[in-house]
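In what follows, residues are counted from 1 in the order of the sequence shown.
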Amino acid sequence: MGILSRMSYVVRSKINALLNRAEDPTETLDYSYEQMRDELQDVKQGIADLTTQKKRLEIQKRRLEENVEKHNDQAREAVRQDREDLARKALEKKQSKMTQIEELDGQIAQLQTTQDELVDKKNQLENRIEEFRTKKETMKARYEAAEASSRVSEAMTGVGDEMEDVGRAIERAEERTDEMEARSAAMDELQETGAFDDALSDKDSIDRELDSMRSGSEVDSELDTLMAEMGKSSGGSESDTASDEEIDAQLDELESSETTEETEADLEELENEEESRAE
């Protein structure tokens, strides 16, 4: 097989595949039905034209028959008047008209035969069209039911084109969500490490470490001053090792105990006042 033959074969096969995908059987059946109805209409039109032609010949035949009677009367009148020559001419015309009538009878009979054949074919075509219409509606109902069943099956199994698009959309959404979650986590990590502060601050890592040490020293100094004022000795090993959560819990507990002691002192003072009034 030559190159051109192979190319032609491939092109035809591609076109045939496209046509198969684009073809709707229900539309094809409806089109075929309309074509058959058009053919039936053409047959009916042909029968009508043929009948019209036959009627014209019949009218022409009746006129010739009237002329035959007329020429017959002319011949009789000529004989009564002893005009044999006129009678002969009238009879000759009568004979000519009768010959034409015979020819018309043959043509009319032939047209009648053709008309009967066309009417019979028309009836057969009408029966075929009616049978085709019944089959067409049955096939359309079967096709539509099969198509609906196929769509439901594809939707349930997820193999249809639309479900495939939905699956792809879900995959893209998941990928996008994962990407955004990873980006958010990355932003939080950079925020915690101070990477963003680095970009907005003129201080380098040494400056930030010195500031942190300086802040810690100031806190220790203030704590020592506070302990000295309250006559307490420093025992910072436990606080140094405790976590922020543990320190917050201890502070809350301390605040709660102080509140309880104040409440008990107030109650005791009220009781003393009541006793004094009673005395």
When rounded to the nearest 0.5 angstrom, what is the spacing between [atom1] in [X] and [atom2] in [Y]?
X    : Y    : atom1 : atom2 : result
R128 : R133 : CZ    : CZ    : 16.0 Å
F132 : R37  : CZ    : CZ    : 12.0 Å
E58  : L111 : CD    : CG    : 9.0 Å
D42  : E39  : CG    : CD    : 7.5 Å
Q112 : D105 : CD    : CG    : 12.5 Å

Side chain to side chain, [X] and [Y], heavy atoms closer than 4.5 Å:
X    : Y    : result
L29  : E137 : no
N67  : K93  : no
M139 : R142 : yes
H71  : L91  : no
L104 : Q107 : yes
E84  : V79  : no

**Q.** Stepwise salt bridge (Lys or Arg N to Asp or Glu O under 4.0 Å) check, E131 with K135
**A.** CA-CA 6 Å; E131 292 177 358; K135 291 181 179 179; 5.4 Å; no
Checking [X] side chain against [Y] main chain: does a donor-acceptor pair fall under 3.5 Å?
X    : Y    : answer
S149 : A145 : no
T114 : Q110 : yes
N123 : V119 : yes
T99  : Q95  : yes

Taking all non-hydrogen atoms of both residues, which atom of [X] and which atom of [Y] are closest, and how far apart?
X    : Y    : answer
A90  : Q74  : CB-CB, 3.8 Å
K94  : N72  : NZ-OD1, 3.3 Å
I47  : Q115 : CG2-CG, 4.4 Å
I129 : M36  : CD1-O, 3.4 Å
A78  : A87  : CB-N, 3.4 Å
V43  : L118 : CG1-O, 4.1 Å

Q.
With clusters defined by side-chain heavy atoms of hydrophobic residues (ILVMFWY) lying less than 4.5 Å apart, directly or transitively, does L50 cluster with L125?
A.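 Yes: a chain of side-chain contacts under 4.5 Å links L125 to L50.
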Q: Could you walk me through whether Q60 and R56 pass the side-chain contact (heavy atoms from CB on, under 4.5 Å) test, one step at a time?
A: CA-CA 6 Å; Q60 187 176 356; R56 288 177 180 174; over 6 Å; no
Is the shortest side-chain N to carboxylate O distance from [X] to [Y] below 4.0 Å?
X    : Y    : answer
E179 : R176 : yes
R62  : E65  : no
E126 : K122 : yes
D85  : R83  : yes

Q: Would you please test S96 and Q100 for side-chain contact (heavy atoms from CB on, under 4.5 Å) and show each step?
A: CA-CA 6 Å; S96 175; Q100 293 180 23; 3.7 Å; yes
Q. Does a donor on one side chain and an acceptor on the other come within less than 3.5 Å for Q53 and D49?
A. no
Q. Can you tell me if NZ on K89 sees more than 12 non-hydrogen neighbours from other groups inside 6.0 Å?
A.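 Atom NZ in K89 is not packed in, count stays at 12 or less.
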Q: Show the numbers, then the answer: is there a side-chain contact (heavy atoms from CB on, under 4.5 Å) between D30 and K140?
A: CA-CA 9 Å; D30 289 337; K140 286 177 63 177; 3.3 Å; yes
